[in-house]
Amino acid sequence: MNAQSHDTRLRTLMLLAQHGELCVCELTQAIVVSQPHLSRHLGQLRELGLVADRRAGLWVYYRIHPRLPAWAQAVIRETHPGLRHSKPFLSDLTQLSAMPNRPEAPRCV
């Protein structure tokens with residue numbers, strides 16, 4: 001629960017809940033934070049077992065950890081619909097959709 005108390009971590013989890021998997025560049029574009037700031041919070045989410053990452057070339061992609069306990073998945077699943085249409089979550093989606101050169105597949109160019 002404490003992981004969701006920080007704005008950057010909560011916004012990241014909500015984006016991942018909606019999109020499945022995003023790279024760091026997509027998350028920084030959406031949330032409008034620096035890469036080091038976001039990476040620090042992603043590291044905390046990874047240490048807590050809330051997110052999993054994978055490397056593909058130069059890029060690192062994040063997703064909600066597939067082995068997250070059912071109760072934790074339920075918290076994220078129930079939180080997402082309640083927040084996705086409010087600020088700043090709605091603006092995160094707008095920012096992400098405005099990302100230039102964003103490919104259809106979850107990869108950055």
Side-chain angles (χ1 to χ4, degrees):
M1 295 302 235
N2 190 34
Q4 291 188 15
S5 67
H6 191 280
D7 187 55
T8 299
R9 293 189 297 268
L10 180 57
R11 291 166 72 184
T12 299
L13 288 171
M14 294 302 100
L15 284 164
L16 295 175
Q18 181 157 351
H19 291 279
E21 183 177 67
L22 294 168
C23 74
V24 173
C25 64
E26 289 171 309
L27 290 166
T28 58
Q29 169 76 24
I31 301 174
V32 191
V33 294
S34 68
Q35 184 274 326
H37 174 84
L38 181 67
S39 290
R40 179 169 45 95
H41 289 287
L42 285 167
Q44 291 172 341
L45 291 171
R46 189 178 51 243
E47 286 175 19
L48 293 169
L50 293 170
V51 299
D53 64 337
R54 71 174 178 89
R55 290 195 178 274
L58 299 174
W59 307 108
V60 180
Y61 297 88
Y62 286 87
R63 65 189 178 285
I64 303 294
H65 202 295
R67 288 188 234 127
L68 197 60
W71 69 266
Q73 290 180 23
V75 168
I76 293 169
R77 192 173 48 250
E78 295 297 321
T79 303
H80 180 257
L83 295 177
R84 70 177 177 190
H85 296 298
S86 61
K87 291 185 178 184
F89 307 97
L90 190 56
S91 61
D92 293 347
L93 296 174
T94 302
Q95 283 293 119
L96 183 58
S97 66
M99 183 176 179
N101 301 321
R102 185 170 181 224
E104 297 300 318
R107 302 216 187 303
C108 297
V109 293

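Nothing here was measured: the structure is a model prediction, and the numbers come from that model.
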Test log, rule side-chain contact (heavy atoms from CB on, under 4.5 Å), inputs T8 and T12: CA-CA 6 Å; T8 299; T12 299; 4.2 Å; yes
Could you give me the CA-CA distance, side-chain angles and deciding distance for R84 and Q18, then say whether side-chain hydrogen bond (donor to acceptor under 3.5 Å, both in side chains) is met? CA-CA 9 Å; R84 70 177 177 190; Q18 181 157 351; 5.3 Å; no
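Proximity of H65 to L50: side-chain heavy atoms (C-beta onward) are nowhere separated by under 4.5 Å. The shortest distance between side-chain heavy atoms of H19 and L93 falls below 4.5 Å. Within the 4.5 Å cutoff, the side chain of P88 has heavy atoms near those of the D7 side chain. Between L42 and L27 there is a side-chain heavy-atom pair separated by less than 4.5 Å.
Remark: Y61 OH to E26 CD distance equals 7.0 Å, nearest 0.5 Å. Interatomic distance, CZ of R77 versus CD1 of I64, reported as 11.0 Å (0.5 Å rounding). Atom CD1 of I76 and atom CG of L13 lie 5.0 Å apart (nearest 0.5 Å). In this structure, CZ in R11 is found 5.5 Å from CD1 in I31, a value given to the nearest 0.5 Å. Between the CZ atom in R40 and the CD atom in Q35 there is a gap of 11.5 Å [rounded to 0.5 Å]. Here CG of L83 is found 11.5 Å from CD of E78. Values are rounded to the nearest 0.5 Å.
L90 is not connected to L22 by any chain of hydrophobic side-chain contacts under 4.5 Å among Ile, Leu, Val, Met, Phe, Trp and Tyr, and they are in different clusters. One hydrophobic cluster holds both M14 and L48 under the rule that ILVMFWY side chains link at heavy-atom gaps under 4.5 Å.
In terms of heavy-atom proximity, A30 sits nearest to Q95 at O-CB, 3.4 Å. Contact detail for C25 and M99: the closest heavy-atom pair is SG-CE, 3.8 Å.
Scored by the ring pair (Phe, Tyr, Trp, His ring centres under 6.0 Å) test, H41 finds H6, H37 as partners (sequence neighbours excluded).
In terms of modelled atom types and a separation under 3.5 Å, the side chain of T79 and the main chain of V75 share a donor-acceptor contact. Judged by distance alone, with hydrogens and angles left aside, the side-chain atoms of Q73 form a donor-acceptor pair with the main-chain N or O of L68 at under 3.5 Å.
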